[in-house]
Structures are given as structure tokens and as C-alpha cells.
2 protein chains.
Amino acid sequence: MQFQNNKLARKLNNEKDYSTEQKIKEAARTLFTQKGFAETKTREIAEKSGINLALMNYYFRSKQKLYDIIMEENMASFKQGISDLFGRTDLDAYQKIERLANYYIDEFIAHRDLPMFIVSTIYSSTEMDFVNNEQDMISKSRKVFVNQIKDLIAQKKIKPIHPAHVISNLIGLIIFPFMIGPLLKKRAQINEKEFVELMMERRQLIPVWIKSMLEK
Amino acid sequence: MQFQNNKLARKLNNEKDYSTEQKIKEAARTLFTQKGFAETKTREIAEKSGINLALMNYYFRSKQKLYDIIMEENMASFKQGISDLFGRTDLDAYQKIERLANYYIDEFIAHRDLPMFIVSTIYSSTEMDFVNNEQDMISKSRKVFVNQIKDLIAQKKIKPIHPAHVISNLIGLIIFPFMIGPLLKKRAQINEKEFVELMMERRQLIPVWIKSMLEK
DNA sequence: GTCTATAGACGGATAGAC
DNA sequence: GTCTATCCGTCTATAGAC
């Protein structure tokens with residue numbers, strides 16, 4: 001197919017893809033992640049991307065199909081990199097935590113909608129791929145990481161805690177502040193620039209906090 | 001009005017209200033908090049509550065009005081108790097944190113949809129009452145608490161941190177695990193009973209964790 | 001590939017009988 | 001108070017011209 005070849009050619013040349021298809025996807029991604037499926041109207045997508053309403057169906061057959069593709073990509077972007085990192089045996093747990101915090105805090109600063117999207121996806125989809133695919137690559141390497149955590153817990157002098165606490169706290173400390181960003185800005189009188197600075201600070205702080213949870 | 005008196009009578013007798021009005025609200029609360037406004041259809045509410053479609057409009061005039069009432073109630077249930085607690089001067093910060101953890105963890109175990117609802121409300125509503133009402137009662141007493149936190153930070157030997165980190169971590173440690181409950185159950189092979197036990201453990205753990213963040 | 005026009009389904013709301 | 005029937009606006013999706 002002609003247009004497939006064009007796409008491939010652009011990709012090989014590392015050119016940005018400003019095709020109609022891409023414009024639709026960009027607009028749709030913003031709207032879907034911000035407002036969800038039902039709240040987002042096809043007319044909005046068309047308007048925001050500056051294309052004709054009918055073209056959305058031409059390229060993606062239906063709103064649902066477009067949504068599925070975008071959510072798939074969002075999740076891929078979220079997962080990307082975890083697998084490699086978690087599986088490594090040359091890094092200890094704290095080094096992994098530090099890299100994890102660095103990677104995702106940067107990612108979330110750049111894509112503000114992602115945190116809320118990821119968490120509500122996890123929350124509302126017991127059935128979903130993302131939660132279920134226990135046979136995928138991440139699963140194996142995740143176990144390496146969790147075992148490292150378990151080892152640290154086993155070394156605790158008093159009161160060992162369940163690894164789920166540590167995992168949950170780790171994810172929460174990274175992702176949660178982004179979800180209450182509006183509240184922090186309003187109540188703590190923080191502006192956008194300060195908010196980003198605070199999040200950057202956390203890249204160093206989170207490993208320290210997790211360490212103190214594990215070493216008492 | 002006759003039906004108002006009936007309502008009152010039931011309330012005075014501490015009887016559960018199984019009126020049609022109540023059945024609609026119960027069904028709608030679940031659907032709205034789980035799926036949001038647009039995603040929830042009036043026909044679903046009717047079906048789930050076993051009532052006729054037209055009755056929703058009879059009692060609440062419109063879907064929007066019903067939504068507003070429910071969200072108001074959700075928020076009230078969330079806010080309830082904070083104001084009193086935060087304003088007290090006979091309790092130190094750690095005692096307040098402990099009571100806060102106790103109160104909300106119990107609340108969230110009983111109402112599983114609340115965490116996700118609260119956070120997405122905060123997230124998506126810079127304009128909303130809940131975030132904006134800086135003149136309300138909670139605001140004043142919140143300041144008492146935040147000042148207590150600031151005092152503790154000031155006592156830190158090295159590297160004082162921004163109070164926003166502490167507040168954000170505190171809220172996150174309490175509420176976040178409920179949002180990734182499905183993930184924990186799936187990945188950490190935790191069943192419902194164990195999940196509740198883990199959450200109960202956190203009532204003691206969170207104050208300790210916050211303490212260690214503040215005392216290093 | 002892109003556009004206009006419109007078909008066709010869906011969902012919120014109400015009229016009116018009981 | 002509760003029900004059936006239905007109206008009507010909104011939205012997705014497609015037919016068909018260019």
C-alpha cells in the first residue's frame with residue numbers, strides 16, 4: 001500500500017509525521033486522556049486536529065478503534081523501559097528505584113495527563129491486558145526486582161513489612177503528586193514552575209524515603 | 001408535603017430508607033463514581049436500581065441534578081471530620097496523622113469507589129468548590145496542621161523539605177493503595193481479605209513512615 | 001484523500017394514562 | 001407515584017461527489 005510505504009519511509013528518515021492520521025491521533029490522545037471516551041466527541045477531535053469529521057472514520061473506522069489504538073500506545077509508553085530496568089542484575093534495588101523515579105518523573109512532567117490515565121486504567125480494568133498479562137516480559141523482570149526488595153525486607157531487624165507496601169509506596173510517591181497537582185498549586189500556593197521544581201526534588205528524595213522505610 | 005414527613009419520620013426512627021428516591025441514589029452513586037458522568041447512562045441507573053426510567057426525572061428533574069446531589073454528598077462524606085481534627089491544638093502533628101490514617105483507611109475500606117472519585121475530582125476541577133473554597137472552615141484548621149508540620153521540618157537537622165512533599169506523601173500513602181488495589185491483588189497475588197489486612201496495617205505504618213521522613 | 005450532506009442510533013427528557 | 005410511549009436533540013458513521 002502506498003501510504004504504508006510513505007509512513008515507513010518517513011520513519012526510516014527519522015522525519016516527524018505530520019500526516020492527517022498523526023494529527024488526528026495527537027488531538028484524540030489529548031482529549032481522550034483528559035476527558036475519557038464518552039465525554040470526548042468525534043466533532044471535537046475533528047475540530048482540534050483541524051481535519052474533517054469524516055476523515056476520522058476514514059483512517060480509524062470508528063471512534064472506538066481510535067480510542068483502543070491510543071490507549072494501547074499510552075500504555076506502551078508507560079511500560080517502556082521498565083522491563084529492561086527491572087530485570088538487570090548489576091543494579092541493586094536502590095539504584096533501580098532511583099532510575100525509576102528519574103525516568104517517570106521526567107515522563108510525567110512532560111505528559112501531565114499520563115498519571116491520571118494510567119491509574120484510572122489500572123483501577124477500572126481488572127480484565128485488561130495491562131493488568132492480566134502475567135506471561136509477558138515485564139512480569140519476569142519484575143520478579144527480579146521484587147525479590148531484591150524481599151531480600152532487603154528480610155534484613156530488617158524488627159517488624160518485616162509486606163513487599164506490597166513497599167511497591168505501593170514506591171509507585172505512589174512517584175505518581176501521586178501529579179494527580180493532586182491542582183490541589184497543591186491552589187492550597188500550597190505553588191505555581192507551575194515551583195511545582196516542577198518540587199517534582200524534580202523528588203527524584204532524589206524518593207530513594208531516601210524508601211530506604212528509610214526498609215531500614216528500620 | 002407528605003413524602004417529606006415520611007422521610008423525616010424514618011430518619012427519627014433510625015430506619016433505613018428504601019424509598020424509590022434512595023434506590024435511585026444508591027445505584028447512581030455507584031455508577032457515577034465508577035464511570036463518571038458522561039459514561040453513565042440514565043437507562044443504566046434505572047435498570048440497576050430496578051426503577052422506571054421516568055422516575056429518575058420525577059425525583060431529580062435531570063441527570064445533571066442527580067449527579068450534583070451525589071457528588072455533594074460524596075464530598076461531604078470525605079470532608080467530614082477533617083475540619084475538627086486539623087484545628088485541634090491539644091494534639092501534635094503525629095497524633096493527627098495517626099487519627100487521619102485511621103479515619104480514612106476505615107472510610108475507604110467501606111467505600112471502595114471513594115478514593116478514585118476524590119482524586120479524579122481534585123484532578124479535573126481547578127474551578128471546583130472543593131478546591132477553591134479558601135474561605136471555608138477547613139481552610140482555617142488546615143493551616144493549624146500545616147504549621148505544625150512546618151515546625152517539625154524546621155527542627156530537621158539537615159536538608160529541610162518543602163511541606164508540600166509531606167502533605168502530598170501523607171495523602172498519597174493513605175489513599176493511593178486503594179487506587180491500585182486491582183493491580184496489587186493481581187500481581188502480588190493478594191486476595192480481598194489480605195488486602196484489607198494490609199490496609200489496616202498501614203494505619204500504624206503511615207505515621208512511622210512520615211516520622212522518618214521528617215526526622216532525618 | 002478530502003469534503004458535504006445525511007442516515008441512523010442513542011440518550012435525556014416529558015406527556016399523559018393509570 | 002409509577003408506567004408506557006414518544007419526542008427531539010446530539011452524536012457516530014457512511015454515502016457519494018470531487
Side-chain angles (χ1 to χ4, degrees), chain A residues 1-11 13 15-72 124, chain B residues 1-11 15-72:
Chain A
M1 250 186 275
Q2 185 57 33
F3 102 92
Q4 272 292 351
N5 288 338
N6 283 342
K7 246 174 88 172
L8 184 59
R10 267 197 301 277
K11 203 162 187 181
N13 290 323
E15 290 171 26
K16 265 258 175 182
D17 189 349
Y18 289 123
S19 62
T20 302
E21 193 182 351
Q22 202 56 28
K23 281 191 288 186
I24 297 171
K25 265 167 68 171
E26 285 311 316
R29 184 186 318 280
T30 310
L31 291 168
F32 279 143
T33 49
Q34 274 174 2
K35 319 204 300 174
F37 182 76
E39 211 98 25
T40 302
K41 310 302 174 192
T42 52
R43 283 169 172 84
E44 286 182 277
I45 298 174
E47 190 186 0
K48 190 175 177 101
S49 53
I51 57 109
N52 185 278
L53 176 59
L55 288 177
M56 193 215 75
N57 291 286
Y58 174 76
Y59 283 102
F60 300 97
R61 280 210 48 81
S62 77
K63 181 187 172 189
Q64 183 66 54
K65 289 255 167 53
L66 173 57
Y67 182 80
D68 292 345
I69 289 169
I70 286 172
M71 294 306 125
E72 187 67 33
S124 61
Chain B
M1 248 185 275
Q2 185 56 34
F3 101 92
Q4 273 292 352
N5 288 339
N6 283 342
K7 247 173 91 173
L8 184 60
R10 268 197 300 276
K11 204 164 185 178
E15 290 172 26
K16 267 259 173 181
D17 189 350
Y18 288 124
S19 62
T20 301
E21 194 182 350
Q22 202 55 30
K23 282 191 290 185
I24 297 171
K25 266 168 67 172
E26 285 310 315
R29 183 186 318 280
T30 310
L31 291 168
F32 280 142
T33 48
Q34 275 175 1
K35 318 204 301 174
F37 182 76
E39 215 91 27
T40 302
K41 312 302 174 191
T42 52
R43 284 169 171 82
E44 283 182 280
I45 298 174
E47 190 184 3
K48 189 174 176 100
S49 52
I51 57 109
N52 185 280
L53 175 59
L55 288 177
M56 193 216 74
N57 291 286
Y58 174 76
Y59 283 102
F60 300 97
R61 282 211 48 82
S62 75
K63 180 188 174 188
Q64 183 66 54
K65 289 255 168 54
L66 174 56
Y67 181 80
D68 292 344
I69 289 168
I70 286 172
M71 295 305 126
E72 188 66 35

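- For the pair Glu44(B) CD and dA13(C) P, the computed distance is 15 Å after rounding to whole Å.
- Look at CG on Asn52(A): it is 13 Å from C1' on dC18(D), rounded to the nearest Å.
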What nitrogen or oxygen pairs link the protein and nucleotides 13-17 of chain D at under 3.5 Å?
from: dA13(D); atom 1: OP2; to: Lys63(A); atom 2: N; distance (Å): 2.8

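- Within the structure, salt bridge (charged side-chain N to carboxylate O under 4.0 Å, His left out) contacts touching residues 25-42 of chain A (residues at least two apart or in different chains) are Lys25(A)-Glu73(A), Arg29(A)-Glu73(A), Lys35(A)-Glu44(A).
- When all heavy atoms of Met56(A) and Thr42(A) are compared, the closest pair comes out as SD-CG2, 3.6 Å.
- In terms of heavy atoms, Leu55(A) sits closest to Ile24(A) at O-CD1, 4.0 Å.
- Between Thr20(A) and dG1(C) there is no side-chain polar atom (N or O) within less than 4.0 angstrom of OP1 or OP2.
- Here salt bridge (charged side-chain N to carboxylate O under 4.0 Å, His left out) pairs that include residues 50-68 of chain B, with residues two or more places apart or in two chains, number zero.
- Nucleotide dA13(C) holds its P atom 18 Å from the OH atom of Tyr59(B), rounded to whole Å.
- Of the possible donor and acceptor atoms, one in the side chain of Thr40(A) sits under 3.5 Å from a partner among the backbone N and O of Leu31(A).
- Nucleotide dG1(C) holds its C1' atom 12 Å from the NZ atom of Lys23(A), rounded to whole Å.
- One atom, CZ of Phe60(B), and another, P of dA13(C), lie 13 Å apart when rounded to the nearest Å.
- Residue Tyr67(A) contributes atom OH, which lies 17 Å from atom C1' of dT12(D) at whole-angstrom precision.
- Ring geometry, Phe37(A) versus Tyr67(A): the interplanar angle exceeds 60°, so the pair is classed perpendicular (tilted spans 30 to 60°).
- For the pair Asn52(A) and Tyr58(A), the minimum side-chain heavy-atom distance is 4.5 Å or more.
- For Asn57(A), there are no side chain to side chain contact (heavy atoms under 4.5 Å, CB included) partners at least two apart in sequence or on another chain.
- For Glu47(A), the side chain to side chain contact (heavy atoms under 4.5 Å, CB included) criterion is met by no residue, not counting sequence neighbours.
- Rounded to whole Å, the distance from CD on Glu47(B) to P on dG12(C) is 13 Å.
- Of the residues in residues 33-41 of chain B, those placing a heavy atom less than 4.0 Å from an atom of DNA chain C are Thr40(B), Lys41(B), in numerical order.
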